[in-house]
Amino acid sequence: CGGEDAGSGGSGSGGGKITLGFSQVGAESGWRTANTKSIQESAATAGIDLKFSDAQGKQENQIKALRSFIAQRVDVIAFSPVVESGWDTVLKEAKDADIPVILTDRAVDSQDTSLYKSFIGSDFVLEGKKAGEWLVKEYEGKTDTVNIVELQGTPGAAPANDRKAGFADVIKADPKFKVIASQTGQFTRTDGKEVMEAFLKTYPDIDVLYAHNDDMGLGAIEAIEAAGKKPGTDIKIITVDAVKDGMTALAGGKINYIVECSPLLGPQLMDLAKKVKAGEQVPQRVLTEETTFTQEQAKAALPDRKY
Ligand code: GZL
């Protein structure tokens, strides 16, 4: 769906070599590590000069990085917004500086879509729906209450907001599904384990855990086992991402279903950056390809997993 005519971009290093300023969320999960690797390797392959900044999960660090890229007159700016809100001012500064911006991975809630040339990432609402649809099928024909606990991603982050909404939208069809607790585990193993420990102390009969990423699910598995319960059997577990550690737990029966969210955005980002720099029209929205995995499918897919 045609985007805007891309800006001419900054002076950058002039000539052929494109300078791309990239602000990354942080290093909170296996997914993020794989995403960073994809971006760094793809920039090298594409002959793009990458200025990479790790925000350690803080929006103020991302805004600082974007302002630094503007000051350096990079040709293109790309970033994965740690949260959805609070970007309009700095995005307007980039637009006023005639430096095109590409969003990767996560969206912003800016109403003015002229503030960025393209957004490449997953449909997180759909990911939440896929998780819910598996659960509905898993409990088809059953009438007992299904007690669900939810480990949410980073507060305010698009994947956390949307995976929660998509899941809730599907399970609301059947009142037997009850989300008895829902709390952030910050997309990390450590927090996922701590919050699951608290859930287990408070709720003796948890049937299902829905974790917004593998890492929190893996942390929760440690807590479930420490509590003397069998993950994947006593408590069914659904996660999102499909990184290698998650797929290994799925193949091993400790997770029941994983909705894939691909971190391999690097090649498409570099292609978009080149097009935007050349002033070519680019799609406003680029959806990433992804699937879902059962335990059997994970066993088959594991040997070829790239991350
Ligand atoms: C999703 C990405 C999320 C992953 C988490 O595109 O933003 O952030 O699902 C990561 O693992 O921390």
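These numbers were taken from a predicted model, which means no experiment stands behind them. The figures here come from the full heavy-atom set of this structure, side chains too, leaving out hydrogens, waters and symmetry mates. Read the numbers this way: they start at 1 and go in the same order the structure lists the ligands and their atoms.
The protein heavy atom nearest to atom 12 (O) of ligand 1 is Glu28 OE2, 2.5 Å. When hydrogens are left out, the protein atom nearest atom 4 (C) of ligand 1 is Asp241 OD1, 3.4 Å; that is the closest non-hydrogen contact. Looking at atom 6 (O) of ligand 1, its nearest protein heavy atom turns out to be Asp105 OD1, 2.4 Å. When only non-hydrogen protein atoms are considered, atom 3 (C) of ligand 1 lies nearest to Arg106 NH2, 3.7 Å.
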*Residue pair Glu84, Asn161: steps toward the side-chain hydrogen bond (donor to acceptor under 3.5 Å, both in side chains) verdict*: CA-CA 9 Å; Glu84 287 192 272; Asn161 294 337; 2.6 Å; yes

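Cys261 counts as a contact of ligand 1, since one of its heavy atoms falls under 4.0 Å from the ligand. At least one heavy atom of Pro159 sits less than 4.0 Å from an atom of ligand 1.
Residue Arg163 places at least one N or O, backbone or side chain, under 3.5 Å from an N or O of ligand 1. Considering backbone and side-chain N/O of Arg32, one or more are found under 3.5 Å from N/O of ligand 1. Looking at ligand 1, you won't find any N or O of His212 less than 3.5 Å from one of its N or O atoms.
Counting atoms of ligand 1 from 1 in the listed order, those under 4.0 Å from a heavy atom of Phe124 are 1 (C), 6 (O). Residue contact check: Ser29 has heavy atoms under 4.0 Å from atoms 5 (C), 10 (C), 11 (O), 12 (O) of ligand 1.
Although no hydrogens or angles enter the test, the distance criterion places a donor-acceptor pair under 3.5 Å between the side chain of Thr184 and the main chain of Gly153.
Atom CD1 in Ile120 sits 7.5 Å away from atom OG1 in Thr104 (nearest 0.5 Å).
With a 4.0 Å heavy-atom cut-off, ligand 1 is reached by no atom of Gln186.
Judged by distance alone, the side chains of Thr45 and Glu41 never bring a donor and an acceptor atom under 3.5 Å apart. With hydrogens and angles left out, the side-chain atoms of Gln24 and Ser53 include no donor and acceptor closer than 3.5 Å.
In Gln111, the CD atom is not crowded: 12 or fewer heavy atoms of neighbouring residues, nucleotides or ligands sit closer than 6.0 Å.
The minimum heavy-atom distance between Pro81 and Val25, with the atom names listed, is C-CG2, 4.4 Å.
Judged by the 6.0 Å and 45° rule, Arg305 forms a cation-pi pair with Tyr307.
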